[in-house]
2 protein chains.
Amino acid sequence: MSQQRHGNTPGNAGAVPAFPDLPEATIARLPEYLRALHNLAEAGSDTISSEGLAAAAGVNSAKLRKDLSHLGSYGTRGVGYDVTLLIDQIEYILGLDQRRAVALVGVGNLGHALAGYDGFASRGFRIVALFDADLDQVGKAINGLIVRHVGELRRAVVDEGITIGVISTPPNAAQGVADDLVAAGVTSILNFAPCVLSVPAGVDVRKVDLAVELQILSFHEHRKASLTALPGGRVDQSGNQEAVGS
Amino acid sequence: MSQQRHGNTPGNAGAVPAFPDLPEATIARLPEYLRALHNLAEAGSDTISSEGLAAAAGVNSAKLRKDLSHLGSYGTRGVGYDVTLLIDQIEYILGLDQRRAVALVGVGNLGHALAGYDGFASRGFRIVALFDADLDQVGKAINGLIVRHVGELRRAVVDEGITIGVISTPPNAAQGVADDLVAAGVTSILNFAPCVLSVPAGVDVRKVDLAVELQILSFHEHRKASLTALPGGRVDQSGNQEAVGS
DNA sequence: AGGCGCTTGTGAAGGCGTGCACAAATCGCG
DNA sequence: CGCGATTTGTGCACGCCTTCACAAGCGCCT
Ligand SMILES: NC(=O)c1ccc[n+]([C@@H]2O[C@H](COP(=O)([O-])OP(=O)(O)OC[C@H]3O[C@@H](n4cnc5c(N)ncnc54)[C@H](O)[C@@H]3O)[C@@H](O)[C@H]2O)c1
Ligand SMILES: NC(=O)c1ccc[n+]([C@@H]2O[C@H](COP(=O)([O-])OP(=O)(O)OC[C@H]3O[C@@H](n4cnc5c(N)ncnc54)[C@H](O)[C@@H]3O)[C@@H](O)[C@H]2O)c1
């Protein structure tokens, strides 16, 4: 609770010091820690040990401590980490203290599900604009938002301070949409279309390809099937997996 | 030039073809290569150089060559790779020569979109069964499939040879569903619920958390905002990219 | 046949990430 | 006030992954 000193809290919105140079692998895990911390906070925990938080996030405790150490020293030896303080710190680092405005392009099968998902709001994001090229879709309301035509994209991005764009169009339209988003000023793109996007330097793209995930699982199925002799072998995972203990 | 097993695995005994011991990072890229190869095949290419395929897949050419070298020598120096041969090889390694049966549990907002997606079929998968706990959903037809009650899960998994399960239920139900899937005999799970799953050894779990993807993008937004904007040329996409140069 | 240009396959080097193991720090208690 | 229990923060070693650079191999042209 009462803490000694912490350099740059969200409250300290003055001069941003040198941005901590976090390893990419650490950044990818921070959201998971954050989710676990929110669960703990709801459960009423004030503090949590690295061991406990690591278990909740499904990672090694040493890895977790090293990750958090990159943010600074926010733990107390012999006690653990202050849950709310850590939440604030991670949210600050992730830039979630300001709720980010997101535009979604392609309100089809998948886009519809994304637009109707209320789970983003609690994770720091607001989908503020929906776009589609299909005039039959334009004008429809989803979750209180009106689908607009892609032609209005640029103005909306500027007017509403949108920095993140989500692409859920067919792959052959994705590059064009990406170009439009970038031209409008978007500097981060989450792409659901199974294709490679080309963007200028300074623009970040992340891709989610569900078929790829299934194919990776398929590989492991194939591998497991070719090892019919099962002598109590242990199996590793790549992203997230856990072996049951007791 | 029919497919041949390459036998450089030491201590290999038995008639089962030796399964190559691929690096996990390589496995994660094979699906991307496969997609690029299918595009090339449709475009009429017979052969492709590592440089060309690398560009199509958004990776470094040296990395691609090393990845493919793990499968064996399927390229021809001075020429490149035979597109169809490579497709067959990668599909074999990924276990896609048999179309895998997939069960989807949780036919809500997201599950509905997944069930209605026809893109999985062309990537080696068949969604053969849909399940939900909500009796209002049970009995409905989606894309020609009837939604069944989760109680029928075990029998369906056995009867239809399902090895992969997709979880798109709310997070608080996900662990229970995972337990049911494992009990039924599923050995691979793709989890869309934002929570950590605990499964026995030998079961693979991959997690897709869309909010995490957005949060990672948010971090980079935050980082970019704390630096000076700088111009740059075009860059192509890769797994994890950040395109900022000085 | 021989040479030349092109491309693969790979050895080697460097960087990054992971996990162990332990010193340092803090708390509670007698 | 000191001591033991507990937990953080981190130095270090190791293994994986990436990238470079180049020899070996292949086809084509003369
Ligand atoms: N539905 C899924 O579960 C799923 C799963 C994995 C991947 N994907 C991928 O996600 C993307 C969307 O899938 P979907 O099933 O929603 O497809 P969809 O065809 O249902 O929807 C695509 C939408 O994009 C719109 N669109 C097309 N061109 C556009 C443009 N230039 N600008 C703006 N909007 C445009 C269309 O009007 C349509 O509404 C595809 O690339 C697909 O491969 C979908
Ligand atoms: N919709 C999205 O775009 C989106 C985005 C990111 C993450 N997610 C995650 O995906 C999951 C599903 O999201 P959603 O929006 O489709 O939710 P939803 O509430 O619309 O659908 C959940 C479905 O699961 C069913 N269900 C509940 N308990 C079940 C059980 N024990 N067994 C079988 N079925 C059960 C419900 O009846 C419902 O049909 C959630 O965990 C959500 O956090 C969704």
Side-chain angles (χ1 to χ4, degrees), chain A residues 1-7 20-30 32-33 37 40 45-83 85-86 89 234 236-243, chain B residues 1 6 8 20-30 32-33 37 40 45-83 85-86 89 235-236 238-242:
Chain A
M1 288 77 126
S2 65
Q3 288 309 87
Q4 56 285 28
R5 50 179 293 243
H6 31 278
D21 191 16
L22 303 181
E24 195 63 31
T26 295
I27 297 161
R29 285 187 291 266
L30 288 182
E32 201 62 27
Y33 302 157
L37 284 165
L40 288 165
S45 301
D46 287 335
T47 62
I48 182 70
S49 71
S50 66
E51 204 72 46
L53 182 52
V59 301
N60 182 293
S61 69
K63 192 189 295 186
L64 178 130
R65 285 198 299 276
K66 183 151 293 189
D67 283 341
L68 295 186
S69 76
H70 288 126
L71 309 185
S73 282
Y74 296 110
T76 306
R77 296 173 192 233
V79 177
Y81 297 91
D82 182 284
V83 173
L85 173 62
L86 203 48
Q89 272 307 313
R234 48 138 190 89
D236 266 333
Q237 91 295 359
S238 51
N240 318 281
Q241 178 199 332
E242 189 151 323
Chain B
M1 288 302 184
H6 76 341
N8 62 349
D21 189 17
L22 303 181
E24 195 63 30
T26 294
I27 297 162
R29 284 186 293 265
L30 289 182
E32 200 62 28
Y33 303 156
L37 284 166
L40 288 165
S45 301
D46 288 335
T47 61
I48 182 71
S49 70
S50 65
E51 203 73 45
L53 183 52
V59 301
N60 182 295
S61 69
K63 191 189 295 185
L64 178 130
R65 286 197 299 277
K66 181 146 290 189
D67 282 342
L68 295 187
S69 77
H70 288 126
L71 309 185
S73 282
Y74 296 109
T76 305
R77 296 174 193 235
V79 177
Y81 298 90
D82 182 284
V83 172
L85 173 62
L86 204 49
Q89 273 306 315
V235 79
D236 54 359
S238 73
N240 53 353
Q241 75 176 18
E242 49 91 16

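Labels below follow one simple rule: chain letters A, B, ... track the order of the sequence lines, proteins then strands, and each chain is numbered from 1. Excluded from the calculations below are hydrogen atoms, water molecules and symmetry mates; all remaining heavy atoms, backbone and side chain alike, are included.
Note that CG of B:L64 is 4.5 Å distant from OH of B:Y33, once rounded to the nearest 0.5 Å. Distance check, rounded to the nearest 0.5 Å: CG of A:L71 to CG of A:L86 gives 7.5 Å. For the atom pair CD1 of B:I48 and CG of B:L37, the computed distance is 8.0 Å after rounding to the nearest 0.5 Å. Atom OH of residue B:Y81 and atom CG of residue B:L53 lie 8.5 Å apart, to the nearest 0.5 angstrom.
The residue among B:A62 and A:P23 whose nearest nucleotide of DNA chain C is located toward the 5' end is B:A62.
Nucleotide C:dG9 holds its P atom 14 Å from the CD atom of B:E51, rounded to whole Å. When rounded to the nearest whole Å, the span between NE2 of A:H70 and C1' of C:dC16 equals 11 Å. With rounding to whole Å, A:E24 atom CD is found 12 Å from C:dT18 atom P. Summarising the geometry, the separation between OH on A:Y74 and P on D:dT10 is reported as 13 Å, rounded to the nearest angstrom. One atom, CG of B:L86, and another, P of C:dT8, lie 11 Å apart when rounded to the nearest Å. Atoms CG (B:L53) and C1' (C:dG9) sit 15 Å apart, rounded to a whole Å. Protein atom CG of A:D67 is 12 Å distant from nucleotide atom C1' of C:dG19, rounded to whole Å. As rounded to whole Å, 15 Å separates atom P of C:dA23 from atom CZ of A:R65.
Taking side-chain N and O atoms only, A:S49 has no distance below 4.0 Å to OP1 or OP2 of D:dT7. An OP1 or OP2 oxygen of C:dT26 is reached within less than 4.0 angstrom by no side-chain nitrogen or oxygen of A:Y81. Contact annotation: A:S50 does not reach the phosphate of D:dT7 (side-chain N/O to OP1 or OP2, under 4.0 Å).
Under 3.5 Å, the side chain of B:K66 and the base of C:dG9 form no donor-acceptor pair of N or O atoms. Taking only distance into account, the side chain of A:R77 meets the base of D:dT8 through a donor-acceptor pair shorter than 3.5 Å.
When distances are taken from the side chain of B:N60 to each of C:dT18, D:dT19, C:dG9, the shortest belongs to D:dT19. In this structure, the nucleotide among D:dT18, D:dC20, C:dG17 sitting nearest to the side chain of A:A25 is C:dG17. When distances run from any side-chain atom of A:K63 to the nucleotides D:dG9, D:dA21, C:dG19, the shortest one goes to C:dG19.
Exactly one residue among B:K66, B:R65, B:K63 makes a side-chain hydrogen bond (donor to acceptor under 3.5 Å, both in side chains) with B:S50. That residue is B:R65.
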